[in-house]
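Working notes, beginning with the structure itself.
For ligands, and for the atoms within them, numbers begin at 1 and follow the listed sequence. Predicted model, so just to flag it, every value in this text is computed and none were measured.
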Amino acid sequence: VTNEALNVMISGAPASGKGTQCHLIADKYGLVHIAAGDLLRAEIATGSENGKRAKQYMEQGQLVPDEIVVMMVKDRLLKPDSKERGWLLDGYPRSLSQATALKGFGFEPHTFLLLEVSEDVLVERVVGRRLDPVTGKIYHLKYSPPETEEIAARLTQRFDDTEEKVKLRLNTHHQNVESVLALYKDITVKINGNVSKEEVFAQIDSVLTSLVEQRKAASGSV
Ligand code: AP5
């Protein structure tokens, strides 16, 4: 049986809306959402040595070393659900060495979505972002405010979501992005990320719907 599960990578600057779109994509397409940043924050929460080391880099807006990140992502991709349902990789790879490692393990995406957002918009999105620790949902004080007072009262902010830190994160992004883009340029689809989250999703949805149809047609014809 041909495995029709989709493998998708999503890339974009800090706060370009990757996490927000991944929730919408995972809901509709059933893909397993694997976010490098979320895996790292979970590791920090365990209090492990790797978590402590990772946090030092994240606080500087720098890339966490490969020996921590690469295995973490690989282990998650190797779990059976990722293979069965397909995967949606968010925030990885962020460097040529990470991309090469992934290829070496045999993981290839069918499409590479690139969220393009202008820089002034990014800063505003970062400083207004809030997270619900209970549901994991991503909010924004202005663009996606919490639905109830109860949720509003429990929202938290990420330790690297200040204007100063986002500038460091943006620098790191600019230093690394070109080498990753070059590797996936044949399967890259650029998405205009400056519009509302519903309008961004509509663009992604149409890309993924036609990809699913193409893959069905291809497997049916064998
Ligand atoms: P990570 O957690 O991946 O952070 P990031 O790349 O900076 O991206 P964000 O999570 O900040 O933003 P997002 O694009 O998901 O945006 P969101 O949907 O939340 O990484 C953190 C750190 O971990 C890195 O700095 C690095 O140190 C380390 N790390 C991670 N991966 C690594 C790797 N592979 N290798 C080494 N180190 C690694 O949206 C942002 C806000 O905008 C929200 O408030 C949202 O509500 C709002 N919003 C979203 N879309 C819209 C819209 N269309 N209109 C209006 N508002 C919107």
Side-chain angles (χ1 to χ4, degrees), residues 9-26 33-44 50-51 53-74 76-77 88-102 113-118 120-132 136-146 155-177 179-180 191-204:
M9 278 183 188
I10 187 161
S11 166
S16 54
K18 301 182 292 293
T20 300
Q21 295 303 319
C22 284
H23 285 283
L24 298 169
I25 298 167
H33 176 206
I34 304 175
D38 289 347
L39 292 175
L40 287 166
R41 282 181 288 275
E43 190 67 36
I44 293 175
N50 271 349
R53 258 190 89 204
K55 192 172 184 198
Q56 290 171 355
Y57 289 88
M58 291 164 80
E59 277 175 334
Q60 312 285 327
Q62 289 172 1
L63 293 186
V64 173
D66 282 2
E67 68 261 26
I68 298 178
V69 178
V70 173
M71 287 305 153
M72 224 175 230
V73 171
K74 178 194 166 207
R76 187 63 192 87
L77 281 166
L88 172 60
L89 199 47
D90 163 7
Y92 186 103
R94 287 194 204 220
S95 64
L96 190 59
S97 63
Q98 290 183 5
T100 313
L102 199 68
L113 304 174
L114 177 63
L115 287 180
E116 296 189 305
V117 176
S118 43
D120 46 332
V121 174
L122 294 173
V123 175
E124 196 196 3
R125 285 191 189 173
V126 160
V127 294
R129 170 166 46 195
R130 296 294 182 276
L131 302 167
D132 183 346
K137 201 170 160 190
I138 305 165
Y139 289 95
H140 189 282
L141 294 179
K142 185 165 157 196
Y143 301 112
S144 300
L155 293 182
T156 60
Q157 206 171 3
R158 253 168 58 177
F159 63 82
D160 56 352
D161 271 355
T162 62
E163 193 166 341
E164 176 212 351
K165 297 271 161 75
V166 78
K167 292 204 168 126
L168 300 173
R169 286 157 59 195
L170 269 170
N171 278 340
T172 303
H173 171 76
H174 290 311
Q175 280 162 23
N176 296 292
V177 66
S179 61
V180 175
I191 305 289
N192 174 12
N194 287 307
V195 290
S196 75
K197 66 179 179 191
E198 292 81 10
E199 290 169 295
V200 176
F201 183 65
Q203 298 170 61
I204 293 177

Which ligand 1 atoms, with their elements, are less than 4.0 angstrom from a heavy-atom of Val69? 33 (C), 34 (N), 35 (N), 36 (C)

Got Lys165 and Arg158 here, is their nearest side-chain heavy-atom distance under 4.5 Å? no

Taking only heavy atoms of Gln62 into account, list the atoms of ligand 1 that are under 4.0 Å away from them. 26 (C), 27 (O)

Within the structure provided, determine whether Arg94 and Val180 are in side-chain contact (heavy-atom separation under 4.5 Å). no

Quick check on contacts: which atoms of ligand 1 are under 4.0 angstrom from a heavy atom of Gln98? 33 (C), 34 (N), 35 (N), 36 (C)

Less than 3.5 Å between some nitrogen or oxygen of Leu40 and one of ligand 1, yes or no? no

Looking at Arg41, which atoms of ligand 1 are within less than 4.0 Å of one of its heavy atoms? 2 (O), 21 (C)

Pairwise side-chain contact, Ile138 with Ser144, heavy-atom cut-off 4.5 Å (strictly under): no

Is Gln21 near ligand 1, meaning one of its heavy atoms is under 4.0 Å from it? no

Side-chain donor/acceptor of His140 to backbone N/O of Glu124, under 3.5 Å: yes

Which atom of Ala54 lies closest to which atom of Val64, heavy atoms considered: O-CG2, 3.8 Å

Is there a side-chain contact between Leu40 and Ile68, using heavy atoms and a 4.5 Å cut-off? yes

Quick check: do Asn50 and Met72 have side-chain heavy atoms less than 4.5 Å from each other? no

Closest non-hydrogen protein atom to atom 3 (O) of ligand 1, residue and atom name please, with distance? Arg94 NH2, 2.5 Å

Heavy-atom contact under 4.0 Å between Glu199 and ligand 1? no

Quick check on contacts: which atoms of ligand 1 are under 4.0 angstrom from a heavy atom of Leu63? 36 (C), 37 (N)

One finds that the ligand 1 atoms under 4.0 Å from a non-hydrogen atom of Tyr139 are 43 (C), 44 (O), 46 (O)

Looking at atom 36 (C) of ligand 1, what's its closest protein heavy atom, distance included? Val64 N, 3.2 Å

Could you name the option among Ser196, Pro14, Gly17 that has the heavy atom nearest to atom 16 (O) of ligand 1? Gly17

Just need the protein heavy atom nearest to atom 53 (N) of ligand 1, so name the residue and atom and give the distance. Val195 O, 2.8 Å

Taking a cutoff of less than 4.0 Å between a non-hydrogen atom of the residue and any ligand atom, is Asp90 in contact with ligand 1? no

Note: ligand 1 atoms sitting under 4.0 Å from heavy atoms of Tyr92 are 34 (N)

Going by distance only, is there an N or O of Gly12 that falls short of 3.5 Å from an N or O of ligand 1? no

contact_flag Ser16 ligand 1 heavy-atom lt 4.0 Å: yes

Distance check, rounded to the nearest 0.5 Å: Leu131 atom CG versus Arg41 atom CZ? 7.5 Å

May I ask you to identify the nearest protein heavy atom to atom 19 (O) of ligand 1, giving residue, atom name and distance to one decimal place in Å? Arg129 NH1, 2.5 Å

Among protein heavy atoms, which sits nearest to atom 23 (O) of ligand 1, and what does the distance come to when rounded to 0.1 Å? Met58 CE, 3.4 Å

Atom indices of ligand 1 within 4.0 angstrom of His140 heavy atoms, with elements: 44 (O), 46 (O)

Flag if over 12 foreign heavy atoms under 6.0 Å of CD, Glu67: yes

Do any nitrogen or oxygen atoms of Val200 lie less than 3.5 angstrom from nitrogen or oxygen atoms of ligand 1? no

Closest to atom 15 (O) of ligand 1 among protein heavy atoms sits Gly19 N, 2.8 Å

How far is atom 25 (O) of ligand 1 from the closest protein heavy atom, and which atom is that? Arg169 CG, 3.8 Å

Please tabulate, one pair per line, all N/O donor-acceptor pairs under 3.5 Å involving side-chain atoms of residues 14-22, not counting sequence neighbours.
| from | atom 1 | to | atom 2 | distance (Å) |
| --- | --- | --- | --- | --- |
| Ser16 | OG | Ala13 | N | 3.4 |
| Ser16 | OG | Ala13 | O | 2.7 |
| Lys18 | NZ | Gly12 | O | 3.1 |
| Lys18 | NZ | Ala13 | O | 3.1 |
| Gln21 | OE1 | Phe201 | N | 3.4 |
| Gln21 | NE2 | Lys197 | O | 3.2 |

Is there a polar contact, in the sense of an N or O pair closer than 3.5 Å, between Lys197 and ligand 1? yes

Mind checking whether Met58 and Phe159 have side chains closer than 4.5 Å, heavy atoms only? yes

Are the side chains of Glu59 and Lys55 in touch, meaning some heavy atoms are under 4.5 Å apart? yes

Hey, does the side chain of Asn194 reach the backbone of Ser118 with a donor-acceptor pair shorter than 3.5 angstrom? yes

Main-chain N/O of Gln98 paired with Tyr92 side-chain donor or acceptor, under 3.5 Å: yes

Hey, does Val166 have a side-chain heavy atom less than 4.5 Å from the side chain of Leu122? no

Hey, looking at atom 52 (C) of ligand 1, which of Arg125, Glu198, Gln60 has the closest heavy atom? Arg125

Closest protein heavy atom to atom 21 (C) of ligand 1, given as residue, atom name and distance to 0.1 Å: Arg158 NH2, 3.6 Å

